[in-house]
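Letters A, B, ... are given to chains in the order of the sequence lines, protein chains preceding strands, and every chain is numbered from 1.
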Amino acid sequence: MSEQKRLFLVDAYALIFRGYYAFIKNPRINSKGLDTSAIMGFMNSLLDVIKRERPDHLAVCFDKGGSVDRVEMFSEYKANRDATPEAIKIAVPYICEILKAMHIPIMVKEGYEADDVIGTLAKKAEIEGYKTFMVTPDKDFAQLVSDNIFMYRPVFGGGYETWGIPEVQKKFEVERPEQVIDFLGMMGDSSDNIPGLPGVGEKTAKKFLAAYGSMENLLANTHELKGKMREKVEASKELGMLSKQLATIMLDVPVEFDEKDFEMSEPDIEAVTHLFQELEFRRLIDNFLKTFTSEDTAASNELSDASKADNTPKTTAKEQISAGSGQFSLFGGEPSSVSKLETVSEYTRKTAETSSHFYQSVASGMATKLFIKNLMNQTSVCFDTETTGLNPLTAELVGIAFSWEVGKGFYLPFPENKDAAQELIEQLRSFFEAEHIEKIGQNLKYDIKVLRKYNIKVKGKLFDTMLAHYLINPDMRHNMDVLAETYLNYTPISITELIGKKGKNQLSMRDVPLEKQTEYAVEDTDITLQLKEHFTKELSEANTQKLFDEIEIPLLRVLADMELEGINLDTEFLNSLSVELNNDIANLEKKIYEAAGEEFNIASPKQMGIILFEKLKLIDKPKKTKTGQYATGEDILSYLAKDHEIIRNILDYRGLAKLKSTYVDALPLQVEPSTGRVHTDYMQTVAATGRLSSNNPNLQNIPIRTERGRQVRKAFIPRNEDYTLLAADYSQIELRIIAALSEEENMIQAFNNGEDIHASTASKVFNVPLNEVTREQRSNAKTVNFGIIYGVSAFGLSNQTDLSRTEAKELIDTYYTTYPKLRNYISKQIDFARDHGYVQTVLGRRRYLKDINSRNAVVRGAAERNAINAPIQGSAADIIKIAMINIHNKLVTNNYKTKMLLQVHDELVFDVYKPELETIKTLVKTEMEKAFKLKVPLDVDLDVGDNWLEAH
DNA sequence: CACATGTGCAA
DNA sequence: TATTGCACATGTG
């Protein structure tokens with residue numbers, strides 16, 4: 001390399017946005033409630049660039065006031081952008097201050113975009129003999145690439161790629177980088193709202209460029225094009241030229257390139273550290289100090305690259321096992337041993353600091369029996385099963401990892417031979433079934449289900465880190481990688497690193513070399529063990545220990561049983577339903593095509609919108625979705641249904657197509673061949689309110705409201721003729737909870753009297769005797785009752801009913817006059833949330849509401865609705881969870897043949913052994929009604945039938 | 001093949 | 001401009 005001077009120009013907003021969205025699932029919020037995601041993301045990238053490249057000249061470029069020229073050319077330019085997120089607006093002043101303290105120049109010119117500033121500076125620097133690197137992910141910059149100007153582009157998953165002329169040529173299939181402008185002009189750019197040529201996407205644009213070289217040349221030769229494409233392009237010549245102009249980065253921004261202004265100099269370390277401290281960026285301080293004080297960073301880069309190369313010969317687990325099955329391998333050993341262990345030794349050092357346990361080497365090749373003897377002496381052990389797949393019904397054990405001391409662990413590989421594997425697991429039976437040994441794990445439901453297939457029941461106290469974290473902060477994600485990063489500041493080996501992305505080439509865990517299996521599996525148990533320490537403390541600080549030990553942990557075993565049990569499905573019935581639907585759908589399709597005058601894809605909202613609103617012009621001012629398409633949702637179309645047969649047919653078509661694809665055809669495919677039943681997976685840590693969710697398949701949204709839809713329920717049947725289905729559901733549990741918590745006497749009375757609550761509400765609100773309430777009145781009252789639970793507005797209510805906005809508002813006012821304490825309760829909840837930052841359920845399940853004091857009314861409003869809804873929905877979830885645990889206990893201890901199969905938020909479904917029916921009916925009703933004592937009685941309806949529809 | 005979008009099913 | 005979810009088909013990269 002020459003000694004050519006190097007200038008780095010950073011596209012600030014691009015990196016800020018990128019940083020912000022990188023944290024979107026788990027925003028970084030500091031103790032003052034400030035969302036620091038954008039600042040942290042940006043600073044991480046900036047330091048990363050400095051550390052890697054050691055630029056001698058550097059500047060950060062911002063936009064200010066948007067591009068005056070482009071908006072003048074095209075008023076819609078960037079008009080489709082969502083409002084900048086609050087966290088980013090807040091971030092900018094902080095970032096500027098940090099840059100000042102770092103003595104890094106900030107370049108900004110009112111009325112110009114950063115692109116233009118960067119472009120102009122890069123060209124000027126080129127004249128001065130610089131090599132310029134434009135630090136941005138934005139591909140538009142490719143147009144500026146030359147022999148001396150490069151893109152330095154962060155890539156997903158870390159690292160950077162440098163785009164010079166060859167890269168741009170390859171990427172865009174152009175000869176010269178300037179042609180990128182033509183390329184963008186032709187295909188448009190939806191993020192900047194550059195229109196482009198209609199019907200031209202990436203593929204066509206590349207084709208045109210290869211043939212014509214430029215937009216101008218294409219437009220001059222449109223006669224060579226064919227058919228529809230010719231028409232469209234010829235009609236859009238102006239649009240094409242405009243698009244090209246919009247995509248062109250300007251090179252005449254009035255800024256000077258004075259090289260000494262751009263020279264890197266020593267940062268004001270104290271000022272930067274102070275700012276980082278204020279923002280609570282502990283890791284960044286370390287990172288910053290390392291970047292600016294360490295002598296040789298290039299060396300460490302080489303090391304990290306070099307460590308990626310893995311030249312160790314691969315020994316597969318299979319080979320190891322055949323060499324001596326039943327041996328376990330060790331995680332650990334002296335760090336001096338092999339270079340490959342470098343990452344491991346570093347990791348152990350880190351944990352050693354906080355745990356006082358140091359890395360220990362243990363003799364390898366210890367006999368399994370000796371290991372188990374050791375295991376049985378522990379009081380608390382973390383374990384994790386490694387298996388051949390994700391389906392616990394078919395997954396085979398590949399190995400099990402164990403840890404009981406931080407920084408140490410063991411891995412026991414399993415033989416592929418089934419008898420041999422069973423023999424090995426038998427040796428561990430005493431451990432898993434030991435009541436006195438606490439078992440720790442991450443997502444134990446999975447491990448418990450896998451082991452159950454080997455006829456092993458996991459007994460003793462449990463601690464599940466995923467469940468613990470769910471109670472600590474239900475709104476976050478709870479996978480182990482995130483938890484390790486958040487709480488231990490450590491990035492574990494990812495499963496993708498081990499077995500690759502899913503697809504044809506994905507490996508099975510069995511194909512991973514034993515050494516890697518060990519490292520990965522034991523790392524997980526080690527981390528889980530450490531997380532437990534954290535979470536135990538946090539659970540007790542939040543007063544949720546009891547909820548954890550008495551609800552979520554016991555429920556985990558209940559759910560494991562329900563999932564393993566599965567439910568019987570009448571697939572023949574569904575298949576015949578599918579044939580019927582097919583006929584009806586085909587008939588509707590024909591009618592719709594006739595009315596539309598052409599064939600199109602009815603399932604495509606895009607095509608449908610164009611047909612309805614451009615071709616048939618059914619409305620003057622069609623509503624559009626946020627992406628600019630016509631909205632064709634049910635709520636919109638149903639207004640038009642009475643005037644247009646095509647709309648009625650479309651609505652019918654959609655209903656039937658949905659039914660067929662989502663339920664009738666999909667469910668039979670979900671029958672597990674090994675059991676002949678459908679096994680859903682209940683997610684215990686997904687819903688922020690404490691509810692369960694159901695997946696693969698979702699059995700919590702089986703249709704019931706329409707006649708056609710509810711037929712699907714006929715397919716859910718008892719296991720055989722000796723059994724019948726029992727459905728038990730809480731009547732109005734959420735309204736009972738809000739009545740009880742608010743102590744609203746008028747509503748409590750109605751429940752005490754066993755009245756129909758919606759009719760009762762209607763009678764009070766519309767001031768008519770109970771027996772004279774009309775259907776419409778009851779229906780409106782019902783809507784308000786539900787609306788209250790969700791935090792309704794007059795607008796929302798009028799949307800859901802036939803009422804006008806004014807009428808809706810009046811109704812809400814009268815409602816609150818009728819139930820005055822309800823309004824009180826609502827404001828008390830909001831106040832509580834403002835003061836404490838969270839709300840809670842009857843069992844103390846918390847939901848944190850960081851936006852409750854936001855200055856943005858929309859954001860705050862959403863938080864306020866959550867403050868009302870979360871305790872209600874969550875308390876209902878708490879209550880049914882108690883009932884499930886108690887019912888399950890009784891079913892098991894009394895050896896009933898009856899099994900609990902499904903939970904649908906306020907309903908439980910059982911496969912009842914007919915001779916037990918009367919006993920079970922009483923048992924279920926009693927346990928559900930006494931699960932939690934409120935100031936309002938709980939009421940449970942029971943129904944029995946030979947399928948799920950009859951049981952309603 | 002992965003992801004976003006629009007739509008629609010349940011409590 | 002109503003809460004919590006999951007999943008389908010289409011369209012795009």
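Rounding to whole angstrom units, CD1 of residue A:I788 and C1' of C:dT3 are separated by 13 Å. As a whole-Å value, the separation of A:Q903 CD from C:dT4 P is 17 Å. Rounded to a whole Å, the CG atom of A:L659 is 13 Å from the P atom of C:dA9. In this structure, A:D635 places its CG atom 8 Å from P of B:dT7, rounding to the nearest Å. Following rounding to the nearest Å, A:I704 (CD1) and B:dG8 (C1') show an atom-to-atom distance of 16 Å. We find that NZ of A:K606 is positioned 13 Å from P of B:dT5, with the value rounded to whole Å.
Residue contacts for A:V792: at a heavy-atom cut-off of 4.0 Å it reaches a base atom on one of the strands shown. Within the 4.0 angstrom heavy-atom criterion, no nucleotide atom of any strand lies near A:A794. Within 4.0 Å of A:G633, counting heavy atoms only, lie sugar-phosphate atoms of the nucleic acid but no base atom. A:T783 comes within contact range of at least one nucleobase, with a heavy-atom separation under 4.0 Å. A:E634 comes within 4.0 angstrom of the backbone, heavy atoms only, and of no base. Looking at heavy-atom distances under 4.0 Å, A:R865 makes contact with sugar-phosphate atoms alone, never a base. Across all strands, A:S694 comes closer than 4.0 Å only to sugar-phosphate atoms, never to a base (heavy-atom distances). Nucleic acid contact for A:N799: none, since no nucleic acid atom lies under 4.0 Å from a heavy atom of the residue. Among the protein residues, A:I789 comes within range of no part of the nucleic acid, since none of its heavy atoms lies under 4.0 Å from any strand. Contacts of A:A631 with the nucleic acid, taken as non-hydrogen atoms under 4.0 Å apart, involve only primed sugar atoms and P, OP1 or OP2. Note on A:Q607: only backbone sugar-phosphate atoms sit closer than 4.0 angstrom, heavy atoms only; bases stay farther off.
One finds a salt bridge joining A:R691 and A:E734 here, because a Lys/Arg side-chain nitrogen approaches an Asp/Glu carboxylate oxygen to under 4.0 Å. In this structure, A:K850 does not pair ionically with A:D475, as no charged nitrogen and carboxylate oxygen lie closer than 4.0 Å.
Classification of the A:F786-A:H758 ring pair by plane angle, with boundaries at 30° and 60°, yields tilted.
In terms of phosphate contacts, A:R705 brings a side-chain nitrogen or oxygen within less than 4.0 Å of OP1 or OP2 of B:dA10. Contact annotation: A:R710 side-chain N/O to B:dA10 OP1/OP2 distance is not under 4.0 Å.
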message: Could you go through A:K809 and A:D813, starting from their C-alpha distance and side-chain angles, then the distance that decides it, and tell me whether this counts as salt bridge (charged side-chain N to carboxylate O under 4.0 Å, His left out)?
response: CA-CA 6 Å; A:K809 187 174 181 315; A:D813 287 346; 3.2 Å; yes
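Nearer to the 5' terminus of DNA chain C, by closest-nucleotide assignment, is the contact made by A:R691 (compared with the other of A:P697 and A:R691).
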